[in-house]
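Accompanying notes for the structure given below.
Along the sequence shown, residues carry numbers from 1. Side chains are part of it too, since the values below use all heavy atoms of this structure and drop only hydrogens, waters and symmetry mates.
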Amino acid sequence: MVGITFTRLVFEPGSKFPTFFSTDELFSKGKYPDVLRHQAMIGGIERLTEFLNRSLVGTQLKRHSDYKVVHHATNVSYHFGNCSHSLAQIVQNPGLSKNLLNAVRYGKAAVPASVRLGVLSSSVHDSIKALEIGRLVVGVLHDWHCNASLEDLKSGDGIEAFLANSSQGQPVVLVPLDGRKGVRPPDAAINWLKYLDSEKAAFQLCSIASNPLYSRHGLAIAILAKANGSIFITEPDSFPNFRRSWFVGLDLGRGGLNKGKILAIALTNPEGSLQAYWRAIKDKDETLPLEVLREGLSWITSKAESLEADRHLYLIRDGLRPHKEFLDSYYKALSNHDFTLIEYSKSGSPLIHCAPVEPQPGTTIILEESLDFTALYPCTSPQHGVLTTPVKFRTPINPNGHSSSDIALLLTTLCHSATLSYQPSRLPAPLQWANGLSRLSYTDLQFSGWSHRAKKLVNLAVQ
């Protein structure tokens, strides 16, 4: 068996060894040369195979043909308030990004909600720009047939009264920042974030350095989600009890200045909306021991039961379990609950292609049902000619007897849920939330602003 991996090597002038640079550091967004586009390189595999076969003596390379391909793009639906589209329709020309943005611009919210948006306009040097962002977001919410109002909180003198009044909708505070993503906000802004966290208030960050004509729909989606609404819902066809299930993501990350790992466990509903989250500081080990799983999962399931009892739980763990993370620990941690465990690995999968075009999202490669892993192409790449890196998954705890194709359909649907953006992700919604919450810090605030949801933070690191 021969495996071929595409690798980009960068040599600085005079250097004999490659230097690591990210693609974004080397090239402007969308300006990748053809040599870095997978579709242009795939033809070289045929020539390499022919060369090897001419060179090999006594044996020949043969294509592996013992596999099954399943396509799920026709089995996933996007539901807006006024229309529905299959995923297969969404990816047609001119492409998913443009088609989905068009649907988001002109659709109605599948789950409308009422929002009171308050802007801390005096927290930045350009208060007029901050208020303009707020007005544009409220305009988008009106276009989606949501009730929305705007209030200028200025320097925040009346913020207590604003947060206390939910009679006309969910209060959400828009916190404008002068800097861009990844830059630590000034102390004054951080003090506001700490205050809003302490008040269990919903808030949303935005940068006045960004063009709101491009960012307003993304901001509106995040704000609508914080008010329990959603611009669209993705749903799988013929997946049993999808609407009667809870979804739980488990991920380990490194948040802020903590020396150990941060474990985040996120609870989402079928729409992909965050319902509750539990975060724990633990040691540097990747293993999730019984005591950690028991504490985290028991808290999460108690919140799920308080929202709606007797739903099946689908646990999606980021990465594969280390050898000392036993399945028995999950059974013990969830001894009184019905659950399915899915291990979801983002690395170690070969590229999937369907010459001469990119595979449709939801394309699944099943080698044999008896084998551990199934490969999945969850979403298309926004870059023309670039293939999304596939994922692989396995379902070691599967009481409902789902086939690999069933689980692939479920994961594809969750990868296309509306979370903080309308764009799909390689991560299913529960893992998107867990991944973002595990990295949460004052230099990574993308997933901040959810203190109005049930949450718990514990320190389990060995002192």
Side-chain angles (χ1 to χ4, degrees), residues 172-173 175 181-182 184-185 190 193-194 196-205 218-219 221-228 230 246-269 271-284 286 288 292-293 295-304 307 313-319 333 342 344 346 414-415 417-421 423 425-461:
V172 181
V173 178
V175 184
K181 179 181 176 182
R184 180 184 171 91
I190 288 177
L193 303 187
K194 290 179 178 178
L196 293 170
D197 269 332
S198 69
E199 294 295 314
K200 297 182 179 179
F203 65 87
Q204 178 63 42
L205 305 181
L219 287 171
I221 285 173
I223 289 168
L224 181 58
K226 288 170 179 173
N228 296 313
S230 183
W246 289 117
F247 302 92
V248 179
L250 300 92
D251 195 11
L252 281 164
R254 186 177 298 278
L257 301 176
N258 295 297
K259 294 182 179 179
K261 294 281 188 177
I262 301 290
L263 168 63
I265 305 180
L267 173 71
T268 69
N269 60 14
E271 291 82 10
S273 177
L274 181 68
Q275 302 298 299
Y277 60 97
W278 181 90
R279 299 173 73 227
I281 303 170
K282 65 180 294 292
D283 54 29
K284 297 180 180 180
E286 295 283 341
L288 303 180
V292 173
L293 288 171
E295 181 165 346
L297 290 175
S298 63
W299 188 88
I300 283 288
T301 53
S302 70
K303 300 306 172 186
L307 293 168
L313 296 169
Y314 286 90
L315 273 62
I316 308 176
R317 189 206 192 280
D318 185 77
I342 303 167
Y344 191 88
K346 305 185 295 294
L414 295 174
C415 285
S417 299
T419 51
L420 294 184
S421 168
Q423 290 282 9
S425 167
R426 288 179 68 225
L427 293 179
L431 276 189
Q432 287 186 56
W433 290 114
N435 179 271
L437 292 166
S438 70
R439 295 184 286 106
L440 191 61
S441 70
Y442 287 119
T443 55
D444 192 340
L445 289 161
Q446 184 181 7
F447 284 79
S448 63
W450 293 88
S451 296
H452 61 306
R453 294 286 195 262
K455 66 171 185 174
K456 188 174 183 180
L457 175 62
V458 298
N459 190 344
L460 302 177

Are [X] and [Y] side-chain neighbours, meaning at least one heavy-atom pair lies under 4.5 Å?
| X | Y | value |
| --- | --- | --- |
| F203 | H452 | no |
| F247 | L313 | no |
| V458 | W278 | yes |
| L250 | L315 | yes |
| I316 | V248 | no |
| L263 | L460 | no |

If I take atom [atom1] from residue [X] and atom [atom2] from residue [Y], how far apart are they, to the nearest 0.5 angstrom?
| X | Y | atom1 | atom2 | value |
| --- | --- | --- | --- | --- |
| I221 | Q423 | CD1 | CD | 9.0 Å |
| D251 | R279 | CG | CZ | 11.5 Å |
| N435 | L440 | CG | CG | 11.5 Å |
| I265 | K456 | CD1 | NZ | 11.5 Å |
| K455 | K200 | NZ | NZ | 8.5 Å |
| S298 | L293 | OG | CG | 10.0 Å |

(request) Apply the test side chain to side chain contact (heavy atoms under 4.5 Å, CB included) to residues L307 and Q275: give CA-CA distance (whole Å), side-chain angles for both, the deciding distance (0.1 Å), then the verdict. (result) CA-CA 9 Å; L307 293 168; Q275 302 298 299; 3.9 Å; yes
(request) Could you check R184 against I190 for side chain to side chain contact (heavy atoms under 4.5 Å, CB included), going step by step and ending with a plain yes or no? (result) CA-CA 9 Å; R184 180 184 171 91; I190 288 177; 3.4 Å; yes
Contact summary for [X] and [Y], nearest pair of heavy atoms:
| X | Y | value |
| --- | --- | --- |
| C415 | Y344 | SG-OH, 3.7 Å |
| P185 | L445 | CG-CD1, 3.6 Å |
| W246 | T268 | CE3-O, 3.5 Å |
| S230 | A418 | OG-CB, 4.1 Å |
| R453 | A225 | NH2-O, 3.2 Å |
| A280 | L457 | N-CD1, 4.4 Å |

(message) Does either side chain, that of Q204 or that of K226, offer a donor lying less than 3.5 Å from an acceptor on the other one?
(response) yes
(request) Establish, from distance only, whether the side-chain atoms of Q432 and T419 form a donor-acceptor pair under 3.5 Å. (result) yes
(request) For the pair W299 and K303, evaluate side chain to side chain contact (heavy atoms under 4.5 Å, CB included) and give the outcome as yes or no after the intermediate values. (result) CA-CA 7 Å; W299 188 88; K303 300 306 172 186; 3.3 Å; yes
(message) Could you check whether K346 pairs with D318 (Lys NZ or Arg NE/NH1/NH2 to Asp/Glu carboxylate O, under 4.0 Å)?
(response) yes
(request) Look at the rings of W450 and W433 and say which category their plane angle falls in: under 30° parallel, 30 to 60° tilted, over 60° perpendicular. (result) perpendicular
(request) Say whether, by atom type as modelled, one donor and one acceptor occur between the side chain of T301 and the main chain of L297 under 3.5 angstrom. (result) yes
(message) Determine whether a donor-acceptor pair (N or O, by modelled atom type, separation under 3.5 Å) exists between the side chain of E286 and the backbone of K284.
(response) no
(request) Would you please test I342 and R317 for side chain to side chain contact (heavy atoms under 4.5 Å, CB included) and show each step? (result) CA-CA 6 Å; I342 303 167; R317 189 206 192 280; over 6 Å; no
